[in-house]
Amino acid sequence: EREPLAEVIARHTVIAQAVQLSGVLTSARDAETAGREESLAAERAELSAQRRLLDLEQARLADLAAQLADGLIPGAPCPVCGSAEHPEPAQIGADWSPDAIAQAEAALAARRREMQRINSTLAVVSERIASATSRLAELGHADHSPAELASKLRQCGEEVESARQQVREREAQQRALADARHTQEQA
């Protein structure tokens, strides 16, 4: 005996939900992949900004050492280490400025904000993936690919139409039977 129409429609509804969730899951996974790529690029940009700031800070420190070295007097103690010998005093010529350091700090802060934004977006996408995966499991379709689900939906749609046709035929038979009884009772 065939499955009752209500059960076929309920199964069709579940599969349709699974197809929709599968699409959400596919989109979310694509977004996750893109987000991870964006995260890697942003991480590289952040590291580059950190290197730039460190280079500028090192240049500033080298310049300070050169300024101290410029005031060294042969045989007199160094104001930093106390040594009377000054075999390799630092040279002036470091390439930095307070503005360059401020710009590098701002650039690094911007890169860090961008990483936070990307990580927040990835957290939302990960939650969407977990939710869709969980719901698909609840529906009993976690292990089906989108193509398999689409095929099941088509097949179930055909079963719904077949069940509806059977209901129509049964109703027509019942009307015909009722009409025949009515005619027989009239005779």
Non-neighbouring partners of Ala66 that pass side chain to side chain contact (heavy atoms under 4.5 Å, CB included), sequence neighbours left out
Ala90, Ile92
With sequence neighbours left out, write down each residue that passes side chain to side chain contact (heavy atoms under 4.5 Å, CB included) with Pro146, or none if nothing qualifies.
Ser22, Thr26
At what distance, to the nearest 0.5 angstrom, does [atom1] of [X] lie from [atom2] of [Y]?
{"X": "Met115", "Y": "Arg111", "atom1": "CE", "atom2": "CZ", "value": "11.5 Å"}
{"X": "Glu57", "Y": "Trp96", "atom1": "CD", "atom2": "CH2", "value": "8.5 Å"}
{"X": "Arg51", "Y": "Glu46", "atom1": "CZ", "atom2": "CD", "value": "11.0 Å"}
{"X": "Glu169", "Y": "Glu171", "atom1": "CD", "atom2": "CD", "value": "11.0 Å"}
{"X": "Leu53", "Y": "Gln50", "atom1": "CG", "atom2": "CD", "value": "8.5 Å"}
{"X": "Leu54", "Y": "Leu47", "atom1": "CG", "atom2": "CG", "value": "10.5 Å"}

Decide if atom CD of Glu85 counts as having more than 12 heavy atoms of other residues, nucleotides or ligands within a radius under 6.0 Å.
no
Give the other cluster members for [X], using side-chain heavy-atom distances under 4.5 Å between Ile, Leu, Val, Met, Phe, Trp and Tyr residues; answer none if it is isolated.
{"X": "Val24", "answer": "none"}
{"X": "Val8", "answer": "Leu5, Ile9, Val160, Val167"}
{"X": "Leu68", "answer": "Val80"}

Table please: side-chain donor-acceptor pairs of residues 177-187 below 3.5 Å, with sequence neighbours left out.
unit_1	atom_1	unit_2	atom_2	d
Thr183	OG1	Asp179	O	2.8

Got a sec, which pairs hit salt bridge (charged side-chain N to carboxylate O under 4.0 Å, His left out) with one end in residues 8-24, sequence neighbours left out?
Glu3-Arg11, Arg11-Glu159
Tell me which pairs pass salt bridge (charged side-chain N to carboxylate O under 4.0 Å, His left out) where either residue lies in residues 120-129, with sequence neighbours left out.
none
Report whether Val14 and Leu21 are members of the same hydrophobic cluster (ILVMFWY, side-chain heavy atoms less than 4.5 Å apart, transitive linking).
yes
Would you say the side chain of Thr121 lies within less than 4.5 Å of the side chain of Val124, judging by non-hydrogen atoms?
no
Under 4.5 Å between any side-chain heavy atoms of Glu158 and Glu161, yes or no?
no
Nearest heavy-atom neighbours spanning [X] and [Y]:
{"X": "Pro89", "Y": "Leu72", "value": "CB-CD1, 4.3 Å"}
{"X": "Ala104", "Y": "Leu56", "value": "CB-CD1, 3.6 Å"}
{"X": "Leu25", "Y": "Leu136", "value": "CD2-CD1, 3.8 Å"}
{"X": "Pro77", "Y": "His86", "value": "C-CE1, 4.3 Å"}

Is it the case that the side chain of Glu7 and the backbone of Pro4 share a donor-acceptor pair, with hydrogens and angles ignored and the cut-off at 3.5 Å?
no
Could you tell me which residues satisfy side chain to side chain donor-acceptor pair (under 3.5 Å) with Arg113, sequence neighbours excluded, listed by chain and number?
none
side-chain hydrogen bond (donor to acceptor under 3.5 Å, both in side chains) partners of [range], not counting sequence neighbours, each pair once:
{"range": "residues 132-142", "answer": "Gln17-Arg135, Arg135-Glu138, His141-His144"}
{"range": "residues 97-109", "answer": "none"}
{"range": "residues 27-45", "answer": "Glu32-Arg36, Glu38-Arg117"}

Does one side chain, of Gln165 or Arg168, offer a donor that lies under 3.5 Å from an acceptor on the other?
yes
